[in-house]
**Student:** 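The structure is given below, and queries will be raised subsequently.
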Amino acid sequence: MGLFLDIVSWVLLLSGSFFAVVGALGVIRMPDLFTRLHAAGVTDTMGAGLILVGLMFQGGMSLVTVKLFMVLGFLWFSSPVSTYALSRATLASGQEPFWSEDMEIPDTARIPGMVYPVDATAEGD
Amino acid sequence: MELFINFTLLALLAVTALGVLHVTNLFAAVMLAGIYSFLSAGLFTVMDAVDVAFTEAAVGAGISTVLMLATLALVGSKVTTPEFRIESISVKGRSRRPLLPIVVVVFTGGILAYGTLDMPGYGDPDNPVHQHVAPHYLEESGHEIGIPNVVTSVLASYRGYDTMGETTVVFTAAVGVMILLSALRRRDSYGEEAWGDEVIDDMDVGFKDAFGETMDPGLAGPEREGPEGGGG
Amino acid sequence: MFIVATIAVVVAMTFAMVRALLGPTVYDRVLAVNMFGTKTVLLIAVLGFLTGRPDFLDLALLYALINFIGTLAVLKFFEYGDLGRRVDSEGEA
Amino acid sequence: MSDQVILRVAVKIIVPMILLYALYVQFHGDFGPGGGFQAGVIFAAGIILYGLVFGLRRAQKVFPTWVARLMAASGVLLYAGVGIASLLLGGRYLDYSVLAHDPHHGQHYGILLVELGVMITVCGVMITIFYFFAARGRETL
């Protein structure tokens, strides 16, 4: 049983490390902020999640596991919120993501007062 | 292994420090200062100074970014470029290059680095620090004070005077900030008719509540214009 | 095995820092700092297991909670230019 | 700018946790890392986060300025008062052993009170400084 738990935790740790490095690589390699946000999301969810769950298997039934669980909970709570706030602030600042030409932007996703390139081309026609 | 982590973190720390010097946008400098704080907290953790790392985490990540941004809101984020500074110096007569400061800094740094050669190694039990009172604290804290965390017992009991002085310093810092910013506000209020800012009125009301109605008329804002609807 | 995780986290930290140094816009730097904070949480957690003292997790917990504040302060600053305002229109604008 | 529901809901959930964690750091400081200074800073950070998202005015309704100032002063007073109390009880200044019949208990009470004083002062000071800076920032707008 102990060996089985160790193997599970190793696998989780290794895959978590993989996701952390890959996501970080994406943060460097991606072309604009929104795609970089996507890559950073990988490290925040998969990387942090798998590594922390792997550590939980090592911690066993103890206070350590509870604390790890709380850390994971807070990370998974705060990191999407800050990603949301960041992307929103970036949009509001006027930096535009790579829209495709004929992409439909639903009304719920629009920020009031912002000019979207799709509309501009549509009005131009 | 710990050596590897130490080296990497220290190298990153140095790179961050250089980056803070290099960037001309002060917002970017604030961001890099945040990274610096994270890195030093990591280093403190590696060096087992968990309480220090705790302080660094709380202050560096939570408060100092906010306060630095608040300062930037007051002073603006532009930094004068080095060219401009050189010109402004050369106006005075001699054209001075920033070579002298670099020489001084490198020389001083070299002397300091030379001085460290005589210091005992990190964690060496023969360190002078570990010779005098530290063994007493570590050995006697258990039955003299009776709490498990020696750091707390040293901080609050053995060195209670120091901590009280530090608390007073923190308090004095707040008083200083209050005096400085209040003085600025006061000077503004002479020139202007109205504040145009309910928040500051709120603060003045709070001041009155705390210290009674006796206020310097120069400090007190004009009457509040009825109840505001906001906040709800 | 913790060693692999530690190295991976440190490498990820380095990448995040490269982005913070390069970052063309300020938002890239914010992203990098936010990610750096997450990686610090991971590093502290993994280090605790690596050195056999998982008590350090309090620190990781603190970072997980506090990291949020810096990011929000920066974003609020950029969106509104000041820190004292409510984050919507009905407040004081 | 439309309202940011996500941000406000998230902050409403996370601020109590930060405040609770500050109290944990405060009272767990005898056993693990942490203590009065850290707890005060964390508590203040929670209030500041609230102020960042809900605005300075609402934060000042939750945590009025005069409370912050009162805390900044009374923490130092509490600290010094513990010293005076130990003087009056026949010990030396800030010698907590005389605070209770058992020296250990006295030390416990003393450290608890002293750390509480540090926390109160630090928390009040941080919040006061934030209020002042944020209010100044609004003037320049």
Side-chain angles (χ1 to χ4, degrees), chain B residues 1-2 4-5 7-9 11-13 15-16 18-20 22-23 25 27-42 44-46 48 50-51 53-54 56-70 72-74 77 197-200 228-232, chain C residues 2-3 6-7 9-11 13-14 16-18 20-23 25-26 28-34 36-41 43-44 47-48 50-51 53 55-56 58-63 65-74 76-78 80-86 90-93:
Chain B
M1 187 54 216
E2 217 158 281
F4 165 76
I5 300 172
F7 273 123
T8 321
L9 289 184
L12 288 179
L13 207 61
V15 173
T16 319
L18 289 177
V20 170
H22 182 70
V23 294
N25 184 354
F27 288 119
V30 171
M31 299 289 95
L32 288 175
I35 289 192
Y36 192 91
S37 147
F38 283 127
L39 274 171
S40 40
F44 289 141
T45 315
V46 176
D48 279 355
V50 192
D51 283 84
F54 225 84
E56 181 64 44
V59 176
I63 300 281
S64 72
T65 312
V66 175
L67 287 186
M68 278 199 271
L69 284 174
L72 283 190
L74 301 185
S77 69
D197 195 337
E198 302 92 344
V199 175
I200 290 174
E228 293 97 1
Chain C
F2 299 131
I3 294 178
T6 312
I7 293 177
V9 170
V10 170
V11 167
M13 280 170 103
T14 317
M17 200 164 101
V18 170
L21 288 173
L22 287 180
T25 65
V26 184
D28 290 299
R29 296 184 206 265
V30 178
L31 168 68
V33 171
N34 194 16
F36 207 92
T38 318
K39 292 290 147 317
T40 312
V41 173
L43 180 73
I44 290 169
L47 266 183
L50 184 69
T51 51
R53 285 160 306 186
D55 319 328
F56 294 172
D58 280 352
L59 195 54
L61 198 55
L62 175 62
Y63 262 125
L65 277 173
I66 297 283
N67 188 17
F68 193 46
I69 295 178
T71 313
L72 274 197
V74 175
K76 180 154 188 221
F77 192 90
F78 282 118
Y80 298 93
D82 102 70
L83 294 178
R85 195 191 281 193
R86 202 177 140 96
E90 54 192 295
E92 293 152 9

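Numbered from 1 within each chain, the chains take letters A, B, ... in sequence-line order.
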**Student:** State whether the number of non-hydrogen atoms from other residues, nucleotides or ligands found under 6.0 Å of C:Phe2 atom CZ is greater than 12.
**Tutor:**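 Result for CZ/C:Phe2: enclosed.
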**Student:** Any heavy-atom pair between the side chains of B:Phe27 and B:Leu69 that's under 4.5 Å?
**Tutor:**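 Yes; the side chains approach each other to less than 4.5 Å.
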**Student:** Is there a donor-acceptor pair closer than 3.5 Å between any side-chain N or O of C:Arg29 and the backbone N or O of C:Ala20?
**Tutor:**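 Flag set: sc C:Arg29 to bb C:Ala20 pair under 3.5 Å.
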**Student:** Which answer fits B:Ile63, side chain, backbone, both or neither, if we ask what part of it has an atom under 4.5 Å from a heavy atom of chain C?
**Tutor:**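 Neither part.
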**Student:** What part of C:Thr51 gets within 4.5 angstrom of chain B, counting heavy atoms only: side chain, backbone, both, or neither?
**Tutor:**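 Answer is side chain: those atoms of C:Thr51 sit under 4.5 Å from chain B.
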**Student:** At a heavy-atom separation under 4.5 Å, does C:Thr14 approach chain B through its side chain, its backbone, both, or neither?
**Tutor:**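 Contact with chain B involves both backbone and side-chain atoms of C:Thr14.
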**Student:** Where does B:Thr8 contact chain C at under 4.5 Å (heavy atoms): side chain, backbone, both or neither?
**Tutor:**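 Answer is side chain: those atoms of B:Thr8 sit under 4.5 Å from chain C.
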**Student:** Using non-hydrogen atoms and a 4.5 Å limit, figure out which bit of B:Ala58 sits close to chain C: side chain, backbone, both or neither.
**Tutor:**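 Looking at B:Ala58, backbone and side chain both touch chain C.
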**Student:** Against chain B, work out which of C:Leu50, C:Ile66, C:Ile69 has the most heavy-atom pairs shorter than 4.5 Å and name it.
**Tutor:**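 Highest number of pairs under 4.5 Å: C:Ile66.
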**Student:** Between C:Tyr63 and B:Phe38, does the ring centroid distance fall short of 6.0 Å?
**Tutor:**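 Under 6.0 Å, so yes.
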**Student:** Do B:Val30 and B:Leu72 touch side chain to side chain, with heavy atoms closer than 4.5 Å?
**Tutor:**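 B:Val30 vs B:Leu72: side chains touch.
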**Student:** Compare all side-chain heavy atoms of C:Asn67 with those of C:Thr38 and state whether any distance is below 4.5 angstrom.
**Tutor:**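 They are in contact (side-chain heavy atoms under 4.5 Å apart), so the answer is yes.
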**Student:** Would you mind checking which part of C:Leu72 comes under 4.5 Å of any heavy atom in chain B, side chain (CB onward), backbone (N, CA, C, O), both or neither?
**Tutor:**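 Nothing of C:Leu72, per the 4.5 Å heavy-atom cut-off to chain B.
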**Student:** Highest number of heavy-atom pairs under 4.5 Å with chain C: which of B:Gly34, B:Ala28, B:Gly60?
**Tutor:**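 Highest number of heavy-atom pairs under 4.5 Å: B:Ala28.
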**Student:** Hey, does B:Val50 have a side-chain heavy atom less than 4.5 Å from the side chain of B:Phe44?
**Tutor:**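 B:Phe44 does not reach B:Val50 side chain to side chain.
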**Student:** Side chain, backbone, both or neither: which part of C:Leu47 has an atom under 4.5 Å from a heavy atom of chain B?
**Tutor:**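 Answer is side chain: those atoms of C:Leu47 sit under 4.5 Å from chain B.
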**Student:** Taking side chain as everything from C-beta outward and backbone as N, CA, C, O, which of these in B:Ser64 sits under 4.5 Å from a heavy atom of chain C? Side chain, backbone, both or neither.
**Tutor:**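 B:Ser64 has no heavy atom closer than 4.5 Å to chain C.
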